[in-house]
Every structure is written in structure tokens, then in C-alpha cells.
Amino acid sequence: MNFANINHLWGTLIIEELSRLGVDYFCVASGSRHSPLVIALAQNKRVKSFVHFDERGLAFHAMGYSAASKKPAALICTSGTAAANFFPAIIEASKKKLPLIVITADRPPELRQTGANQTIDQVGLYGKYVKWAADMPCPDTKINPQFVLTTMDQAWYQAVHNSGVVHINCMFRQPLTLVKTSEDLKTYIKPLNRWIQSKGPYTEYVTGLPEAFGNDTVKKQIAKRLETIKNGVIIVGKLAGADEAKLVLHLAEKLGWPVFADVSSGLRLGQNHPNLIHYLDHLLLSGKIVNKLTFDGVLHLGGRMTSQRYYDFIQKQDLIEYIMVLNHALRNDPNHQVSLRIEASVSNFIQMVKGAIKPRKSSAALKVLSKANQFADEAIESFLAEDERLSEPCVARLVSQLVPEAQGLFLSNSMPIRDMDNYADYKGNAVSVNGNRGASGIDGIIASAAGYARGIDKPVTLMIGDLAALHDLNSLSMLRDLPVPLIIVLLNNGGGGIFSFLPIAEFKEGFEKFWGTPHPYTLAAAASMFELNYSQPMDANHFKKAYTQALKTQTSTIIEVITNREENLAIHRLLQDAIDKSVQRVARTR
């Protein structure tokens, strides 16, 4: 434990304690003021580090890693606007309830509000989007070294157990490098002898499950409220993993209710269960099907749904109960319908109540929806087989069929996640699905997918639109050193394709310029610049070959599909008409 100066010592304590807490991935941007932290990081042989020149992309990368690994990554940057560039990813991580430890270096207090170079007000920079924040003083031998360790312990605890972002703002005076100073640092760190000799963190936190989980009265009360629902439906958002998904299906069998599962839930790809309704969005467009559905209760497990049609539909139902189970305390109720809010993991909730629930027969709604679901699947398969164009629904269908089991699928916002939600083939392989559905922006998508691939340590396929890709071109540089390949399926319709589906498309005077935002670019030159494989397939067979080749070579690749926005809109409408005609057969059955 030899230190050049007090800055070096504090930097080492910060990195070492976070490492002992289980933080093993540090994402670092270039700069100077954070040098005490970076020196300590370079000297710590147990942790992994990732360096990127763009703080915005770096932050999304860290968030993607956190989403995959289920543990916090640490973000480190210098002072000034570098810290501000973290903000978009911090908002997204906050909305997704992801643990993230943000460490910004700062100038000392005597330079604040003086016009000193690269000095901004970094205290409270991220506002309400952080769960906890600390403005660390400049390292000083008059401050007990235990303070540094307990601050890191508290930051980690707040990030992990409150599922969110924490911000540690670290002020440093000169010297920022390994310049020897005269402080008696050996005497200074004597109070840490116990910690130095151990391998664990300075402070340990112990938490337990809520007492209600062991309370039979609570179990019976919840089971009774579920029993009052005669015609129920289970809504499933983002789940924790495959084991949780199995529990949900077991509960659905017991209740006899249909399951509407989001594409991010883990219940859509590689899942062929009789209670699962895969084509909810299409079925809710069929008036004859909707007229056959009357729900009086909802059990909503996990995060929110991608489908706005679900929220519009359920808001019109006369519900006696809307029971929501989420593993955090924040409200997730855009329609203001929730009657019972249970803060627990989905797994713990089901384990708690399953023994108190009496088995039921399959509901009438499940029987109707199961047939309609089958007809919708047949209609999609038939339409895409007959249509020779490499359309955006076709690409979503093909990716869902071809992506290998146990790999990852990352879906960009706007059209890619909606097309996968609507057209994915549930008979394909089971894969881990993720996306930035917190604030649902199109920024940082490539960086997030790269971080996600690093976190699960498996190849990942990213489906992304052209505007989102152009927004994050810098992050293509991350793929050079990524230990696993990222296959980017780029849907390029020359602008903002999703707006063609919205009422604003009727505003002909300014639609193309202000909403369509046309551009002439492809990513062929970008692929060359960043030394990535590239292909531009023209039909479904060529796409299959390009995608299969990318999987085989295990090399990061851009597969760019050029489409036309007007044609894309027409194909979506024709496909929906075909589905609607098919599912009307259910309406004619008694």
C-alpha cells in the first residue's frame, strides 16, 4: 500500500472498494481531472475497463452492460461538459431502474463560480434522475479514510437495492499524477488495517424479504381478490429471466387466463404455450374480436407494454381489479387503473400466492384468443411467403426465426421494436431480448447494444432504424474490441418511418421536411471506416445468407436493408388487412 500522494490514495480506496463490492466493469472517458481514479484503475488487476472517446456513447454502453449483467457498471469522466454528456443515458437507466455508479471528477471548491477553465456546476447535475448523490470533498488527511469507503458502500447499496443511478462527484486538487508529496500516508491509513487484511467491503449490508411474504393472511387476501375476477387477463412486461417466465406460465395455467406478453418479456420468442397470445396488437385492431372480449380484471406482472393499443383497449374495460406486481416502488400506471400495487419480484409474488389459488378452467376469452392467434400467425406466414419484397415486417420475422438460441436480441425504439412485437415468429428460438424502453429515445442504441453484448458475453443481434444508427455512429468504434460479435440489422427507409403511421402524415405541407426528415445516406462507408463487415441484401434469400454468414464468421457486421417509407406503410396495411380477414373466422364460430 504505497501511495505517491493523498489523491492517489483516495483514488485507490474508491476503485478498490467498488471492486470488493462486485463492481468489475469500469467505463472511462479520456481527460485529466479524473487521473487519480484512472491511475488506481490501471493499477487494479482484478477489474475490467473499457475506454471510449465519446461520453454519451460510453454512458449508454455502461447502461447496456448493467442491463445484461444485472449489476452496476461504473462510469468515470473528467470535469465540465464531459459529465453533461452522461445525462441521456442516466435518464434512460433511471427509467429502466438499472443500477449505475456515475463518478465525475470536479475542480476544487475555490475554482467553482470563478470562470475557471472546464468548471461547471456539477452538484445536482442529474437532478431527480439519481437515487442518491455525494459531493466528495478534495482528498485531505484531516478527513478519516473510512469516510471514503463507507461512501462507496452506501453508493453501491443505493444503486443495487434501490435499482437506480447514483452520482459521486469527486473534487481533486493538484497533483493529479504520481507526484510524491510529504504527507504521512502510512500513519493516515492505519485505521484501515482490518479492511486492508480482509478481502471484503468495509461495510456489509443485510436485507430481508418483506414480512408480508410469510404472512398467510396476506396471501389469502391477495388470492381472494384474484378470485373475484371472473374474466381476467395476465399482462407481462419485462421479466427477470427464464425461471420467472416459467412461473408466469404455471400461474396462467392455474388461473386459466390468456397472457398478453410484451416482446421484451422473454415469453414471445421460442415460446409456444397455449395461454400465450402473441399477436395482441393485430387482434385489438379487429373489431369483431374486440367485441368478443370483456375483461373485469388484470394481473400485470413486470414492466410496461410496448403496445399502446393494449392501454387504449384496457382503459375501456369495466375493471373491478387491476393488480400490478413490480420490483420497485415507482408508479407504472399511465391509465390510473391500478387498484392493488404489490412491490415484489414477480418470482417472489407467484411463489407466495400460487398455493392459495384454486385451479380454474380455461376462460372463454382464452379460447377465442387462441384461435385468433393461430389464424393471425397463418396469415402473416402466408402473406410474407407470397410477397417477394424484403420488407421491414419480413426482416423482423426472419430475424426472429434465424437468431440462434441463447444469444441476445437488442431492439431499437420506433419501428424495430414494434415490428418485432407484431411479426416475430414465436416458433423460433428462445433468446434474451432487451432495448432502451425507459425513456424510449433513439440515442445511444449502438452503444447500449454493445454494452449488452459485453454484459451477457454472447453474440447479439441489433435491429435498428437509420436515424438511430446515424445518431450513434461514433459507437461503431466500440465493436473493434468487443469480445463477442454484434450483428447490426439496419432498416434504412431514408428517414423517420414511424411518422408515416401517425395522423401528422396528413399534414402534407411540412410532413416530409419536419417529420420524414429524409437523408441520402447508407452505412457502407461507415462500415469501411470502422472496419466492419457489410452487406446490402435485396431479397429474403440474400438476407438469410448474409445473416447466416455473419453468425458463422463470428464477426461484427452491418446488414443494411434499404426500404421505401411509402411502400413500407402500404405493406403494413396490406398485412393487417390479411390478418383481419383471417381472424374474422373466429368471429363466425360459436
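As the structure is a computational prediction, the values presented were derived from the model and not from experiment. Below, all heavy atoms of this structure are taken into account, side chains as well, without hydrogens, waters or symmetry copies.
Closest of all the heavy-atom pairs between Cys394 and Ala540 is SG-CB, 4.3 Å. Considering all non-hydrogen atoms of both residues, Leu491 and Glu392 come closest at CD2-CG, 4.2 Å. Between Ser448 and Asn436, the shortest heavy-atom distance links the atoms OG-ND2, 3.0 Å.
Sorted by first then second residue, the ring pair (Phe, Tyr, Trp, His ring centres under 6.0 Å) pairs that include residues 428-467, not counting sequence neighbours, are Phe410-Tyr452. Sorted by first and then second residue, the side-chain hydrogen bond (donor to acceptor under 3.5 Å, both in side chains) pairs with a member in residues 294-303 read His300-Tyr322; sequence neighbours excluded. For residues 459-468, every residue pair satisfying the side-chain hydrogen bond (donor to acceptor under 3.5 Å, both in side chains) rule, not counting sequence neighbours, is listed here: Thr461-Tyr547, Asp466-His519.
Residues His572 and Asp419 form a side-chain contact, since some pair of their non-hydrogen atoms from C-beta on lies under 4.5 Å apart. Contact annotation: the side chain of Tyr25 never approaches that of Ser69 to less than 4.5 Å [non-hydrogen atoms, C-beta and beyond]. Contact annotation: the side chain of Ile342 approaches that of Leu340 to within less than 4.5 Å [non-hydrogen atoms, C-beta and beyond]. The shortest distance between side-chain heavy atoms of Ile234 and Leu255 falls below 4.5 Å.
Arg397 meets the side chain to side chain donor-acceptor pair (under 3.5 Å) test with Tyr279, Asp377, Glu381; sequence neighbours excluded. The salt bridge (charged side-chain N to carboxylate O under 4.0 Å, His left out) check on Glu227 picks up nothing, with sequence neighbours excluded. In this structure, the side-chain contact (heavy atoms from CB on, under 4.5 Å) partners of Ser363, at least two apart in sequence or on a different chain, are Pro258, Ala365, Leu366.
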Inset, instruction - Test salt bridge (charged side-chain N to carboxylate O under 4.0 Å, His left out) on Arg437 and Asp262 and set out the steps. - result: CA-CA 12 Å; Arg437 294 302 289 173; Asp262 190 75; over 6 Å; no
Inset, instruction - Apply side-chain hydrogen bond (donor to acceptor under 3.5 Å, both in side chains) to Ser582 and Arg585, showing your working. - result: CA-CA 6 Å; Ser582 181; Arg585 288 182 285 169; 3.0 Å; yes
Legend entry - side-chain hydrogen bond (donor to acceptor under 3.5 Å, both in side chains) between Ser345 and Asn327, worked out: CA-CA 5 Å; Ser345 71; Asn327 62 353; over 6 Å; no
Inset, instruction - Test Asn434 against Lys96 for side-chain hydrogen bond (donor to acceptor under 3.5 Å, both in side chains), laying out the working first. - result: CA-CA 11 Å; Asn434 213 290; Lys96 289 181 71 174; 3.0 Å; yes
Inset, instruction - Apply the test side-chain hydrogen bond (donor to acceptor under 3.5 Å, both in side chains) to residues Gln308 and Asp312: give CA-CA distance (whole Å), side-chain angles for both, the deciding distance (0.1 Å), then the verdict. - result: CA-CA 6 Å; Gln308 182 58 41; Asp312 294 342; 3.0 Å; yes
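With rounding to the nearest 0.5 angstrom, the CD1 atom of Ile498 is 13.0 Å from the CZ atom of Arg565. Atoms NZ and CG, on Lys70 and Leu98 in that order, are 8.5 Å from each other to the nearest 0.5 Å.
Ring centroid separation for the pair His273 and Tyr426 does not come in under the 6.0 Å cut-off.
Looking at Arg418, its side chain does come within 3.5 Å of a backbone N or O of Ser414 through a donor-acceptor pair.
The number of heavy atoms from other shown groups lying within 6.0 Å of NZ (Lys427) is above 12. The 12-atom threshold is not exceeded at CD of Glu388, counting heavy atoms of other residues, nucleotides or ligands nearer than 6.0 Å. Within a 6.0 Å sphere centred on NZ of Lys254, other residues, nucleotides and ligands contribute more than 12 heavy atoms.
Side-chain atoms of Thr306 and Asp421 form no donor-acceptor pair, as typed in the model, at a separation below 3.5 Å.
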